[in-house]
Amino acid sequence: MHFGLATMFHKYVKGSLTWEEVRQVTATKRLDLACCRRDSAAFQVLMAADEAFLLTTSTDPLFWKGGPLNIVRLEINTDAPVRTEVRLIGLIEDDDGCLKSDVLLEQSAMFVERWHLQQVWVECETTDASQPGVYSGRVRIYARTLFEDERLLGECQFSLTIKDYLLPEPSQYRFYLDLWQHNSNIARKYDVRLWSDEHFAILDRYLHSLAQLGQKAVSVVVSEIPWSGQHSHRDPEPADLFEYSMVRVTRRGDGQFVYDFSVIDRYVALAERYGIAAEIELFGLLNIWQDPEAGYGSVIADHPDGVRIRYYDSGSGTFRFMRRREDFDAYVRALQAHFIEKGWIDRVRVLADEPKEFAVFKERVAALRQVAPCFRYKIAIAQTAFLHHNLSEIHDYVPILQCVAAKYERLLERKPQIPGKLLYYVCCHPDFPNTFIGSPPVECRLIPWLAEKWKLDGFLRWNYTVWPERPLEKLSYRAPVWKAGDMNFVYPGAAGKPLLSLRYKWLQRGIRDYELMQLLKESGQSDQVERVLNRVFLFQDASEFCPEAKKTRAELYSLNPADYDQLIHEL
C-alpha cells in the first residue's frame with residue numbers, strides 16, 4: 001500500500017495517474033501547517049493499493065460484506081488544542097465524463113478499488129482559546145483481515161503552528177459574501193412539503209453551513225418562479241428549478257386581499273440566529289426572466305415587468321394569478337409596510353438579476369418606486385453599458401467580473417458615490433477564475449483575494465443549492481454553457497444535512513485569508529499584504545482579465561497554493 005500527505009488543494013481525476021505517478025504523489029510523509037486562532041488548517045491523506053481494500057476513519061467494528069478483505073483504518077492524533085475533522089472525499093462526474101474529487105462524505109467507511117487513489121480530508125479547527133505555539137501530529141495507518149489483530153502499516157507526521165492572531169467570528173467577517181439560496185429546490189430534494197416544519201428543520205442546517213462562510217444576505221422570494229425555472233423548458237432533459245413565493249396571498253369573499261408574511265418572518269429570524277443579518281434580498285419584484293413564446297410572459301396588465309402573484313380565491317375555491325395593476329401595487333405596498341413594521345426596511349434590497357435593456361429597467365424601477373419609495377435596489381450587472389449610466393436609484397452594484405475588468409477605473413472612481421456595497425460576481429462565465437469542478441482548486445481561494453486586490457467589498461454567486469435532478473449521480477447540466485459545479489457549493493446529504501465540497505472549503509480558506517489581511521493592515525503590516533498580493537497576481541492592469549486580452553490563467557495569477565500560504569507562514 002502507498003500512502004502520503006498532500007495539501008488541502010489536491011485534486012484527483014480517477015484514472016489519470018499511472019501506478020508510478022501514484023507512488024510519486026504519495027511520497028510526502030510530512031507537512032508543516034499554520035493557521036490563526038478561530039481558524040483551521042487542513043490537509044489530505046492519499047492512499048492507494050494494488051488490491052482492493054475497505055477504508056475506515058472510525059473505531060467502530062467493521063467487516064466487508066463480500067468476505068475476507070483487507071480493512072484499513074486511518075487514525076489522526078495531535079497534541080494541538082484543536083478539534084479534528086476527518087472526511088472521506090467522494091468523486092463527482094464532470095462534463096467530460098471524468099470522475100473528480102469534490103464532495104466531503106459523511107460516511108466513515110468505503111470500498112476502495114485497486115489502483116484508485118483515495119483522498120481523506122483532515123482539518124484541525126482552532127478556537128479563540130487555542131494557545132499559540134508549534135504542535136505535532138501524526139497519521140497512522142492500520143490494517144487487518146477478518147479476525148486478525150491490527151498491524152501498523154506506517155505513519156506520517158505533520159506540524160501545526162498556531163499564530164497569535166484571532167480571526168473574527170464568521171458573522172463579523174468583513175468580506176461581504178452573498179450566495180443565493182434556492183429553498184424550493186431543497187424541499188424537492190428532500191421530498192418535504194414547502195415551508196413545512198420539516199423543511200425549516202433542513203433549512204436550519206443549510207443556513208448553518210452558509211453562516212460558517214460569513215454569509216451576509218438572506219434570499220426571500222416574493223413572487224412565483226422569478227427565473228422561470230432558469231428556462232429549463234428549453235433543455236432536452238429539463239430539470240425542476242422553479243422557486244416559489246414565500247408569501248401566501250388570499251382574496252376574501254368581499255374582494256379584499258390579505259397577505260401572510262409568516263414564512264418570510266420565520267426564515268429571516270432563523271438566518272439571524274446564525275448571524276446572517278446584514279441584508280434581506282427580495283427576488284421576484286424586478287426584472288423577471290421571461291420567455292413569452294413558451295408561455296412564461298407577463299400576466300399583469302399595464303405593468304412593465306413579468307411578475308406573477310398567485311393567490312387563493314376563497315369565493316370560488318380556486319387558485320388564480322393577479323392580473324390587475326392596482327392589485328399588484330397594493331401587494332408591493334403591503335410588502336413595504338411589513339418590512340417597515342418589522343424594522344427591517346433598511347436591510348431590504350430589491351434585486352434585479354442581469355437586466356438587458358437600460359430603458360426598460362428604468363421603467364420597471366420607476367413603477368416600483370412610485371408605490372414603494374422606501375425600497376432600495378441591488379443590481380447584478382452583466383453588461384458594461386449599464387456602467388455608463390448614472391443609476392441614482394441603485395444602492396448596491398454587483399458587476400460580473402468581465403465588467404469590472406473592462407471598467408475598473410470608472411468603478412473605482414464611482415465607488416465613493418455608491419451608497420451601499422460594490423461586489424463582483426461570476427456565474428457560468430468567465431471560464432476563469434471560477435468555481436467549477438474542473439477549475440484549478442486555488443481559484444476558489446482566489447475569489448476573496450481578487451476582491452482585496454481590486455478594493456471591492458465582496459462576492460456574489462447564484463449557486464449554493466441549484467441542483468439538477470440527481471446531483472450526486474449526475475451534476476452536469478446544460479453543458480457546456482453551464483459547467484459542472486456552476487450550480488452548487490454543497491450537495492444534498494442524508495438526514496437533511498448538506499454535504500460540503502472541496503470547493504466550499506477552498507472558498508472558506510480564501511475568505512479567512514481575506515480576514516487575516518484586514519487584521520494585518522490594521523496592525524501596520526500593509527506592506528506584507530501587498531507583497532503577498534503581488535506574488536499571487538501577475539497582471540498589471542485589470543483589463544487583462546477581459547476575454548479580448550486572451551491571457552491564460554497562468555499569466556494572470558499563481559496556481560501554486562504555496563504562494564498564497566506565504567500570507568500566514570511569513571508571520
Side-chain angles (χ1 to χ4, degrees), residues 178-210 215 217-235 237-249 259-271 276 280-291 295-296 299 306-312 319 321-322 331 335 350-351 353 427 460-472 475 477-478 482 486-493 496-499:
D178 182 7
L179 302 181
W180 293 350
Q181 301 111 62
H182 292 73
N183 294 326
S184 297
N185 207 17
I186 291 176
R188 279 191 294 273
K189 290 301 177 288
Y190 288 97
D191 197 21
V192 296
R193 188 175 179 184
L194 193 63
W195 316 127
S196 63
D197 289 343
E198 293 81 6
H199 188 197
F200 268 95
I202 296 169
L203 295 180
D204 185 296
R205 299 182 180 99
Y206 277 80
L207 284 171
H208 176 264
S209 68
L210 273 168
Q215 171 75 8
V218 60
S219 301
V220 170
V221 179
V222 295
S223 73
E224 305 301 340
I225 62 170
W227 294 280
S228 292
Q230 307 291 339
H231 296 316
S232 63
H233 57 273
R234 299 175 180 172
D235 298 317
E237 296 182 23
D240 188 347
L241 301 175
F242 292 117
E243 287 297 314
Y244 297 109
S245 178
M246 302 170 77
V247 183
R248 298 183 180 96
V249 182
Y259 317 104
D260 181 356
F261 301 118
S262 59
V263 170
I264 292 177
D265 297 348
R266 184 176 181 181
Y267 189 61
V268 172
L270 182 61
I276 305 174
I280 301 169
E281 284 181 314
L282 291 193
F283 296 93
L285 292 184
L286 182 61
N287 200 60
I288 306 305
W289 289 17
Q290 301 182 57
D291 188 353
Y296 296 92
V299 297
V307 183
R308 303 114 183 190
I309 307 297
R310 178 178 180 260
Y311 67 90
Y312 178 72
F319 284 95
F321 286 86
M322 284 185 183
Y331 173 66
L335 273 171
V350 177
L351 198 132
D353 187 8
C427 54
L460 177 151
R461 217 181 189 292
W462 72 294
N463 70 324
Y464 201 62
T465 59
V466 198
W467 305 301
E469 300 298 294
R470 301 178 306 279
L472 287 166
L475 187 64
Y477 179 76
R478 201 179 280 174
W482 292 2
D486 185 30
M487 303 169 74
N488 73 309
F489 273 117
V490 296
Y491 297 86
K497 294 177 64 177
L499 295 175

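As a basis for the values below, the full set of heavy atoms in this structure was taken, side chains included, without hydrogen atoms, waters or symmetry mates.
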Donor-acceptor side-chain pairing of Asn183 and Tyr206 below 3.5 angstrom:
no
How long is the straight-line distance from OH of Tyr464 back to OG of Ser219, given to the nearest 0.5 Å?
12.0 Å
Given the rule in the side chain to side chain contact (heavy atoms under 4.5 Å, CB included) test, do Tyr259 and Leu335 qualify, once you have shown the distances and angles that lead to the verdict?
CA-CA 9 Å; Tyr259 317 104; Leu335 273 171; over 6 Å; no
Is there a side-chain contact between Glu281 and Val218, using heavy atoms and a 4.5 Å cut-off?
no
Short question: side chain of Tyr190, backbone of Lys497 - any donor-acceptor pair under 3.5 Å?
yes
Less than 4.5 Å apart, side chain to side chain, heavy atoms only: is that true for Gln230 and Trp462?
yes
So, Trp467 side chain and Val490 main chain: donor-acceptor pair closer than 3.5 Å or not?
yes
Hey, are the side chains of Phe242 and Ser184 touching, using non-hydrogen atoms and a 4.5 Å cut-off?
no
Would you confirm whether Asn287, through its side chain, and Asp353, through its main-chain N or O, come within 3.5 Å as a donor-acceptor pair?
yes
Any ion pair linking Asp486 and Arg478 (charged N to carboxylate O, less than 4.0 Å)?
no
Out of Leu179, Thr465, Val466, which residue meets the side-chain contact (heavy atoms from CB on, under 4.5 Å) rule with Phe489?
Leu179
Distance, nearest 0.5 Å, that separates CD1 of Ile276 from CG of Leu210
5.5 Å
Is there a salt bridge (Lys or Arg N to Asp or Glu O under 4.0 Å) between Asp197 and Arg266 once you walk through the steps?
CA-CA 11 Å; Asp197 289 343; Arg266 184 176 181 181; 3.0 Å; yes
Any donor-acceptor pair under 3.5 Å from Arg310 side chain to Glu224 backbone
no
Check step by step if side chain to side chain donor-acceptor pair (under 3.5 Å) holds for Tyr477 and Ser232.
CA-CA 10 Å; Tyr477 179 76; Ser232 63; 4.6 Å; no
With a 4.5 Å cut-off on side-chain heavy atoms, are Ile280 and Ile264 touching?
no
When every non-hydrogen atom of Val192 is compared with those of Glu198, the smallest separation belongs to CG1-CB, 4.0 Å
Counting C-beta onward and ignoring hydrogens, is there a side-chain heavy-atom pair between Trp227 and His182 closer than 4.5 Å?
yes
Are Ile309 and Val247 close enough that some pair of their side-chain heavy atoms sits under 4.5 Å apart?
no
Is there a donor-acceptor contact under 3.5 Å from the side chain of Arg461 to the main chain of Cys427?
yes
Side-chain donor-acceptor contact under 3.5 Å, Gln181 with Tyr267:
yes
Could you check whether any side-chain N or O of Ser228 sits under 3.5 Å from a backbone N or O of His231, counting only pairs where one atom can act as donor and the other as acceptor?
no
State the CD-CG distance between Gln215 and Leu207, to the nearest 0.5 angstrom.
8.5 Å
If you round to the nearest 0.5 Å, how far is CG of Leu241 from CG of Asp235?
8.5 Å
Nearest heavy-atom neighbours spanning Ser223 and Val307:
CB-CG1, 3.8 Å
Can you check whether Pro468 reaches Glu237 side chain to side chain, under 4.5 Å on heavy atoms?
no
Check Arg234 against Asp291 and note the closest heavy-atom contact, atom names and distance.
NE-OD2, 3.2 Å
Looking at every heavy atom in both Gln290 and Gly306, which two are closest together, and how far apart are they?
NE2-N, 3.4 Å
So, taking the atom named CG in Leu499 and the one named OG in Ser209, what distance separates them when rounded to the nearest 0.5 Å?
10.5 Å
N/O donor-acceptor pair under 3.5 Å between Arg308 side chain and Ile288 backbone:
no
Determine, step by step, whether Asn185 and Glu243 satisfy the side chain to side chain contact (heavy atoms under 4.5 Å, CB included) criterion, reporting the C-alpha distance in whole Å, the side-chain angles of both residues, the deciding distance to 0.1 Å, and the verdict.
CA-CA 7 Å; Asn185 207 17; Glu243 287 297 314; 3.7 Å; yes
Give the intermediate values and the outcome of side chain to side chain contact (heavy atoms under 4.5 Å, CB included) for residues Trp195 and Phe200.
CA-CA 6 Å; Trp195 316 127; Phe200 268 95; 4.3 Å; yes
Report yes if the side chains of Tyr244 and Ile225 come closer than 4.5 Å at any heavy-atom pair, otherwise no.
yes
Atom pair CG/CE of Leu282 and Met246 - distance to nearest 0.5 Å:
10.0 Å
